[in-house]
Amino acid sequence: MKLNSTSLSASILAGAALLAMPMHAADEQYASWPTYNGSDLELTVDSQSTRFALWSPEADAVRLFLFDTDRNTPATETINMTRADHGLWRATVDRPLYGKFYTFSICHRGQWLAQTPGVWAKAVGTNGQRAAIIDFATTNPEGWENDRGPVVNSINDVILYEMHHRDFSMHTSSGIAHKGKFLALTEHATTNNYGDATGIDHLVELGITHVHILPSYDYNSVDEANLQLNQYNWGYDPFNYNAPEGSYSTDPADPACRINQMKQMVMSLHQAGIGVVMDVVYNHTSLSDDSNFSLTAPGYYYRHREDGSYSDASGCGNETASERQQMRDYIVNSVVYWATEYHIDGFRFDLMAIHDVETMNQVVAALHKVNPSIFVYGEGWTAGDSPLPVEQRALKENVSLMQGVAVFSDDIRDGVKGHYSRADDRGFATGKPGNEETVKIGIVAATNHPQVNFALGNTSRIPYASSPQMVINYVSCHDDLMLTDKLAASMPGSSEEQRQRAARLAQTIVFTSQGTPFMFAGEELFRNKCGVHNTYNSPDSVNAINWDLKHSNADQFNYYRQLIRLRRAHPAFRMTSAEDIARNIVFDDIKTPNLISYAIRNNANGDEWREIRLVFNGSEETQTVKIPKGDWIVVARDGQLNPDGLDTTRGGQLEVAPTSALILARVK
Ligand code: CA
């Protein structure tokens, strides 16, 4: 039902009966709404004028409020906006309003809704309540116009390091001045109490190529007006999608500050050769009826159940509707905005399968027009059922329909270390038999391989990836127990040394597998999170990385560093097609539980090494494998690893120590 002015008057008279009507319309009615994809949505300002344009096709009337400050002051001016075409409402002020703040309020079915900064606020004040009018040119750090991220030819060349701003710098041992802030990543020559590098210098030393920052758009849960309370949240509660989070800046009340400081962070990382991936959460909003979406176009941006309630594939109270044109364009334009204004190098989509395949394909196409190095990956699942048909969902199983999109491999994750939520469950690397085929699925990046029987997979039963560029390999991330805690929970009675060996084996499998490796910040120091499963609002005492562990766990750190060196030096671990993987990877026929042995042959992907032999022993016993005679370099053995070689061997019957990897390579 589309309201016109006549039915509106009748509706206002209908009063209470009208208010009982569901907020949403049927899908086909939303499809008839006019849409608008112009770049002037919400705000355009220049030296002559300030022009506002709000998309709200069903509003009866729209008001614009202007303010002198970011909160707690009355409006200095209220302007009635004028209905325009494409579902827009427009207003123009004949002067530049730099330094002012604004909100909108729409009249919907006779009721004035709460004020909102709109859905396209690019600058906001404290807690994102009011949008700000600023000159973006003034937010650019010096040299910004020449800032470039790393060139990426294949996502498989990338090494991802997932981090939260507070985890990274809050601990006193970080030696970082701007704790918990964007600026932490601009500080060089910081050290722990033993003189080991921390912060950005540590990242360079470790050798990762990209940081993946947890949500850094303006989210809802942390009160930016009370930063002294040191509140912690992951940030999966989006509020303003197109402005940075204020608590990561030194002054949330100054709208330009958070923008400038996030740009400083990006530029600093770029100067260190490191790219920046943003975690984006377009699948749901923190609020439902009171979200900026609902306050501008009630109902439109969300999916609903038959009874009119919000459907909830996010498990967070609502889910957005990417299949509707204005929402699809919104997601595409928003990531393009971050890529252009903030020089973001990649995007990680939270609960990506809530979005539809077509939207993800449009996201990739639009981003590649900005910069062909940009890559996209996401969680190929939902957290609940959705009205979106399964075949349209951006699921792991549908990833082959999305060239340029990668999905997280829960196959390798759970196969290697055990089930993500059953804490005591073990995996291949911790001695549980029956995960061998699932780990092989991970090794070949879930591509079709003549020796991998997908029917025996514990998680996926089909080779869902048509290319290794579609798979992200990992054993640990911010969710659930991080690897250190998972090992402690599943290996009762073990020593820390045994658990560190298990971590090394697990990550060796990840970092030598085809696909793209991903690690969680601080694992290289064997830090833990006190055994807490989901630390989304746990205090810094649980979440912050203790950088002094770099001293006590120096051997662990060095193993990770060498493992990353190995991967970066050898393209054989980064083959670019399913055909290459099927041709060059040959598994040995082994029936022993918790033992996998395979070869990467034929100078794969141009590697200087003609053949690489990898043997993973996840059992607690020494195993023996037969290696062909030859001049082999020992790259990894018994918990040690060095891509330049630890030793040499002629092959034959070789022992593989418990819970360890044996890696051999030969040039001839
Ligand atoms: Ca916020």
Side-chain angles (χ1 to χ4, degrees), residues 410 412-436 438-439 442 458 473-512 519-535 538 541-543 545-546 548-563 592-596 614-624 636-641 655-663:
D410 50 351
I412 199 166
R413 182 194 69 196
D414 290 2
V416 167
K417 64 133 193 231
H419 192 264
Y420 68 97
S421 68
R422 295 198 301 272
D424 60 351
D425 187 47
R426 294 196 188 194
F428 173 88
T430 42
K432 184 181 175 184
N435 290 291
E436 295 78 11
T438 308
V439 172
N458 293 334
N473 293 317
Y474 71 128
V475 284
S476 181
C477 67
H478 68 278
D479 274 324
D480 307 309
L481 288 179
M482 68 168 296
L483 184 59
T484 312
D485 288 326
K486 172 68 173 172
L487 296 173
S490 60
M491 299 170 69
S494 61
S495 66
E496 178 155 299
E497 192 207 336
Q498 286 172 307
R499 295 195 296 277
Q500 289 196 2
R501 285 180 71 91
R504 293 180 194 193
L505 173 59
Q507 296 288 16
T508 304
I509 297 170
V510 167
F511 276 78
T512 53
M519 63 179 291
F520 180 57
E523 274 167 1
E524 73 279 19
L525 310 183
F526 208 64
R527 68 121 158 182
N528 65 68
K529 293 200 292 180
C530 307
V532 181
H533 273 256
N534 279 304
T535 61
S538 297
S541 57
V542 170
N543 277 307
I545 297 171
N546 176 355
D548 283 347
L549 292 170
K550 191 172 177 181
H551 176 76
S552 47
N553 293 328
D555 289 348
Q556 197 75 354
F557 169 70
N558 192 48
Y559 189 94
Y560 277 71
R561 195 170 68 86
Q562 298 292 358
L563 183 58
T592 313
N594 297 93
L595 190 66
I596 291 174
L614 299 102
V615 188
F616 302 134
N617 179 10
S619 77
E620 289 168 15
E621 282 111 52
T622 298
Q623 303 286 354
T624 304
R637 185 173 62 198
D638 194 16
Q640 305 297 314
L641 190 150
E655 287 192 340
V656 190
T659 319
S660 75
L662 175 68
I663 303 176

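Just so it is clear, the structure is predicted and the values come from calculations on it, not from any experiment. Scope of the values below: all heavy atoms of this structure, side chains included, with no hydrogens, waters or symmetry mates.
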Asker: Tell me the closest heavy-atom pair linking Tyr559 and Gln640, and the distance in Å.
Answerer: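 Heavy atoms of Tyr559 and Gln640 come nearest at CE1-C, 3.7 Å.
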
Asker: Is there a donor-acceptor contact under 3.5 Å from the side chain of Lys529 to the main chain of His478?
Answerer: yes

Asker: Taking Arg527's backbone N and O only, do any of them form a donor-acceptor pair with Thr484's side chain (distance below 3.5 Å, no angle check)?
Answerer: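 Checked: pair present.
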
Asker: I'd like to know whether Leu595 forms a side chain to side chain contact (heavy atoms under 4.5 Å, CB included) with Val615, so could you lay out the CA-CA distance, the side-chain angles of the two residues, the decisive distance to 0.1 Å, and finally the verdict.
Answerer: CA-CA 7 Å; Leu595 190 66; Val615 188; 4.0 Å; yes

Asker: For residues Leu481 and Gly531, report the shortest heavy-atom separation together with the two atoms involved.
Answerer: CD2-O, 3.5 Å

Asker: Within the structure provided, determine whether Gln507 and Leu483 are in side-chain contact (heavy-atom separation under 4.5 Å).
Answerer: yes

Asker: Is a donor on one side and an acceptor on the other found under 3.5 Å between the side chain of Asn553 and the backbone of Leu525?
Answerer: yes

Asker: side-chain hydrogen bond (donor to acceptor under 3.5 Å, both in side chains) for Glu523 and Ser476? Distances and angles first, verdict last.
Answerer: CA-CA 9 Å; Glu523 274 167 1; Ser476 181; 2.2 Å; yes

Asker: Where is the tightest heavy-atom contact between Gly431 and Pro433, given as atom of each residue plus distance?
Answerer: O-CD, 3.4 Å

Asker: Can you name the nearest heavy-atom pair linking Pro658 to Thr622, along with the distance?
Answerer: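 Minimum heavy-atom separation between Pro658 and Thr622: CD-OG1, 3.5 Å.
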
Asker: Is there a donor-acceptor pair closer than 3.5 Å between any side-chain N or O of Asn473 and the backbone N or O of Ile509?
Answerer: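 Judged by distance alone, no pair lies under 3.5 Å.
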
Asker: What is the minimum heavy-atom distance between Asn534 and Asp480, and which atoms define it?
Answerer: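 That would be OD1-N, 2.8 Å.
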
Asker: Looking at Gln500 and Gln498, would you say the former's side chain and the latter's main chain have a donor-acceptor pair under 3.5 Å?
Answerer: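 Such a contact is absent between Gln500 side chain and Gln498 backbone.
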
Asker: Please check: side-chain N/O of Lys486 versus main-chain N/O of His419, any donor-acceptor pairing under 3.5 Å?
Answerer: yes

Asker: Measuring only between side-chain heavy atoms, which start at C-beta, is Ile663 closer than 4.5 Å to Thr508?
Answerer: yes

Asker: Going by heavy atoms in the side chains, are Asp414 and Thr438 under 4.5 Å from each other?
Answerer: no

Asker: Side-chain contact, heavy-atom cut-off 4.5 Å: Thr430 with Met491?
Answerer: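 Heavy-atom side-chain distance check passes, below 4.5 Å.
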
Asker: Measure from the side-chain N and O atoms of Asn543 to the backbone N and O of Thr535, and report whether any donor-acceptor pair falls under 3.5 Å.
Answerer: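 Flag set: sc Asn543 to bb Thr535 pair under 3.5 Å.
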
Asker: Locate the shortest heavy-atom distance separating Leu505 from Asn617; write the atom from each residue and the value.
Answerer: CD2-O, 3.4 Å

Asker: So which of Arg504, Arg561, Lys550, Glu524 actually passes side-chain hydrogen bond (donor to acceptor under 3.5 Å, both in side chains) with Gln556?
Answerer: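 The side-chain hydrogen bond (donor to acceptor under 3.5 Å, both in side chains) with Gln556 is passed solely by Arg504 among Arg504, Arg561, Lys550, Glu524.
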
Asker: Less than 4.5 Å apart, any side-chain heavy atom of Phe428 and any of Asn594?
Answerer: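 They are in contact (side-chain heavy atoms under 4.5 Å apart), so the answer is yes.
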
